[in-house]
Amino acid sequence: FLDTDAPVKGGNRFQLNKDGSHIYAQWWSHENEKNLYFTSTLDSGKSFAPVSIVNDNHGILSPHSFLRGEDGTIGMTYHDERLPRFQAYSNRSKDHGLTWSRPDTRLDVPPAGGESSTVQNPVGIELDKTWFVAWVDSVTLLGKTRNRILTTRSIDTGLHWTTPEVIFE
C-alpha cells in the first residue's frame, strides 16, 4: 500500500492503528536520514494517502507512539537525537496525517543547572481528550547521575504541553 513516490522504500518499527474506517500506518527508517514515516487510509484500506514525514528534523529513534484526537487530529511522540544526547518530541496533524505541524515540539526540558540530560523511551497515550507522554530521564547534576520518570500532558491535542513533572526520582 506504500506509494511509489515515497521517500523511502523500506523501514522497520512498523505500527498500525485503527479509528473507525481510518487506518494509520507508521514506520521508522534510516534509509534517508532517521525519520518517522506515515500514511493513512480513510476508506477502510481501499486507497492510501501519499507517505509523509512526521518529524521536521532528522534524528528520530524508536520508540514512537500514536495519539488520537477528534476531527482528523492525530499525534505522534518519539525519541530524537537531533541534539547531543536524546530528547522527547511530539508532532500533530489536523488532517489525518496528510501534513504535519512545523516545527515539531520538544517535550523534555534540560534540568536547571544540569550538566546533561538523556531521555529514554518516551511513550504517549490518550485518555478522553487529554494526551499524556512519559519518559525516563538520566540527569547529571554536580557530577552525579540519577534516573527519574517525567510526564507532560496536553488538553488540546498536542498544541500546548504542560511543563514536565517529575513523578519518580
Side-chain angles (χ1 to χ4, degrees), residues 1-83 85-109 119-136 150-162 164:
F1 60 76
L2 298 179
D3 85 54
T4 56
D5 296 323
V8 293
K9 302 302 179 207
N12 57 41
R13 312 299 196 275
F14 191 77
Q15 290 183 20
L16 281 176
N17 299 94
K18 183 179 181 305
D19 189 11
S21 63
H22 306 330
I23 300 170
Y24 303 103
Q26 314 97 54
W27 66 99
W28 174 87
S29 176
H30 61 81
E31 180 182 322
N32 181 15
E33 301 294 338
K34 295 177 183 174
N35 291 304
L36 184 56
Y37 296 92
F38 189 94
T39 189
S40 61
T41 177
L42 306 181
D43 58 9
S44 299
K46 294 176 186 155
S47 63
F48 279 82
V51 173
S52 60
I53 298 175
V54 174
N55 53 303
D56 70 344
N57 199 343
H58 308 297
I60 284 190
L61 301 169
S62 289
H64 59 272
S65 298
F66 176 79
L67 302 166
R68 292 171 191 83
E70 294 180 333
D71 301 321
T73 300
I74 57 173
M76 298 293 296
T77 62
Y78 39 91
H79 202 195
D80 197 290
E81 64 174 1
R82 70 185 70 171
L83 301 172
R85 314 267 180 200
F86 303 107
Q87 305 84 44
Y89 277 83
S90 177
N91 206 351
R92 67 193 298 264
S93 170
K94 297 188 296 184
D95 56 11
H96 297 282
L98 294 175
T99 60
W100 293 89
S101 299
R102 299 293 186 246
D104 51 4
T105 303
R106 185 174 177 184
L107 300 177
D108 65 295
V109 178
V119 168
Q120 302 167 30
N121 303 317
V123 177
I125 62 164
E126 71 271 346
L127 178 63
D128 297 323
K129 295 183 180 184
T130 304
W131 290 357
F132 296 88
V133 180
W135 62 89
V136 175
L150 293 96
T151 188
T152 184
R153 68 185 171 281
S154 172
I155 60 171
D156 56 10
T157 58
L159 191 59
H160 302 94
W161 292 90
T162 61

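This chain uses plain numbering: 1 for the first residue, then up along the sequence. Basis for what follows: all heavy atoms, side chains included, without hydrogens, waters or symmetry-related copies.
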> Do Ser65 side-chain atoms and Gly124 backbone N/O form a donor-acceptor pair below 3.5 Å?
Replying inline: yes
> Between His64 and His79, does the ring centroid distance fall short of 6.0 Å?
Replying inline: no
>> Using a 6.0 Å distance limit plus a 45 degree cone around the ring axis, check whether Arg13 lies over the aromatic ring of Trp27.
In response: no
>> Does this structure show an ion pair linking Asp108 with Arg106, if we count only N-O contacts that are shorter than 4.0 Å?
In response: yes
> Would you call Tyr37 and Ser52 a side-chain contact if the rule is heavy atoms closer than 4.5 Å?
Replying inline: no
> What residue among Arg153, Arg92, Arg68 forms salt bridge (Lys or Arg N to Asp or Glu O under 4.0 Å) with Glu126?
Replying inline: Arg68
> Excluding sequence neighbours, so at least two apart, what forms ring-ring contact (aromatic ring centres under 6.0 Å, His included) with Trp161?
Replying inline: none
> Which atom names give the shortest non-hydrogen contact between Leu42 and His96, and what distance separates them?
Replying inline: CD2-CG, 3.6 Å
> ring-ring contact (aromatic ring centres under 6.0 Å, His included) with Tyr24: which residues, sequence neighbours excluded?
Replying inline: Phe38, Phe66
>> For Asn35 and Asn55, which I'm curious about, is there any donor-acceptor pair between the side chains at under 3.5 Å?
In response: yes
> Run the side chain to side chain donor-acceptor pair (under 3.5 Å) check on Thr162 and Thr152 step by step: do they pass?
Replying inline: CA-CA 5 Å; Thr162 61; Thr152 184; 3.1 Å; yes
> Who are the side chain to side chain contact (heavy atoms under 4.5 Å, CB included) partners of Pro103, not counting sequence neighbours?
Replying inline: Asp56
> Should the heavy atoms of other residues, nucleotides or ligands under 6.0 Å from CD1 of Ile155 be counted, would the total exceed 12?
Replying inline: no
>> Between Gln26 (side chain only) and Val54 (backbone N and O only), is there a donor and an acceptor less than 3.5 Å apart?
In response: no
> Can a donor-acceptor pair be found between the side chains of Thr130 and Asp128 at a distance below 3.5 Å?
Replying inline: no
> Are Pro122 and Pro63 side-chain neighbours, meaning at least one heavy-atom pair lies under 4.5 Å?
Replying inline: yes
> Atom OG1 of Thr39 and atom CD1 of Ile23: how far apart are they, to the nearest 0.5 Å?
Replying inline: 10.5 Å
>> Donor-acceptor check, side chain of Trp28 to backbone of Ile60, threshold 3.5 angstrom: yes or no?
In response: yes
>> With side chain to side chain contact (heavy atoms under 4.5 Å, CB included) as the criterion, how do Leu36 and Met76 come out once you've worked through the C-alpha distance, each side chain's angles and the decisive distance to 0.1 Å?
In response: CA-CA 9 Å; Leu36 184 56; Met76 298 293 296; 3.6 Å; yes
> Do side-chain atoms of Thr41 reach the backbone of Ser47 as a donor and acceptor pair under 3.5 angstrom?
Replying inline: yes
>> So, applying side chain to side chain contact (heavy atoms under 4.5 Å, CB included) with Leu107, which one of Val133, Thr151, Asp80 is it?
In response: Val133
> So, the side chain of Ser93 versus the backbone of Trp100: is there a donor-acceptor pair under 3.5 Å, distance only?
Replying inline: no
> Does any N or O in the side chain of Asp43 come within less than 3.5 Å of the main-chain N or O of Lys46, such that one atom is a donor and the other an acceptor?
Replying inline: yes
>> Quick check: closest heavy atoms across Ile74 and Gly97, and the distance to 0.1 Å?
In response: CD1-N, 3.6 Å
> Does any non-hydrogen side-chain atom of Lys34 lie less than 4.5 Å from one of Leu61?
Replying inline: yes
>> Using 0.5 Å steps for rounding, measure from the CG atom of Leu98 to the OG atom of Ser40.
In response: 5.5 Å
> Quick one: do the Ser154 and Asp156 side chains pair a donor with an acceptor below 3.5 Å?
Replying inline: yes
>> When you compare the side chain of Thr77 with that of Trp135, does any pair of heavy atoms fall below 4.5 Å?
In response: no
>> Strictly distance-based, threshold 3.5 Å: is any side-chain N or O of Ser101 a donor or acceptor partner for the main-chain N or O of Asn91?
In response: no
> What closest approach, in Å, do Gly69 and Trp131 show between heavy atoms, and which atom pair accounts for it?
Replying inline: N-CZ2, 3.9 Å
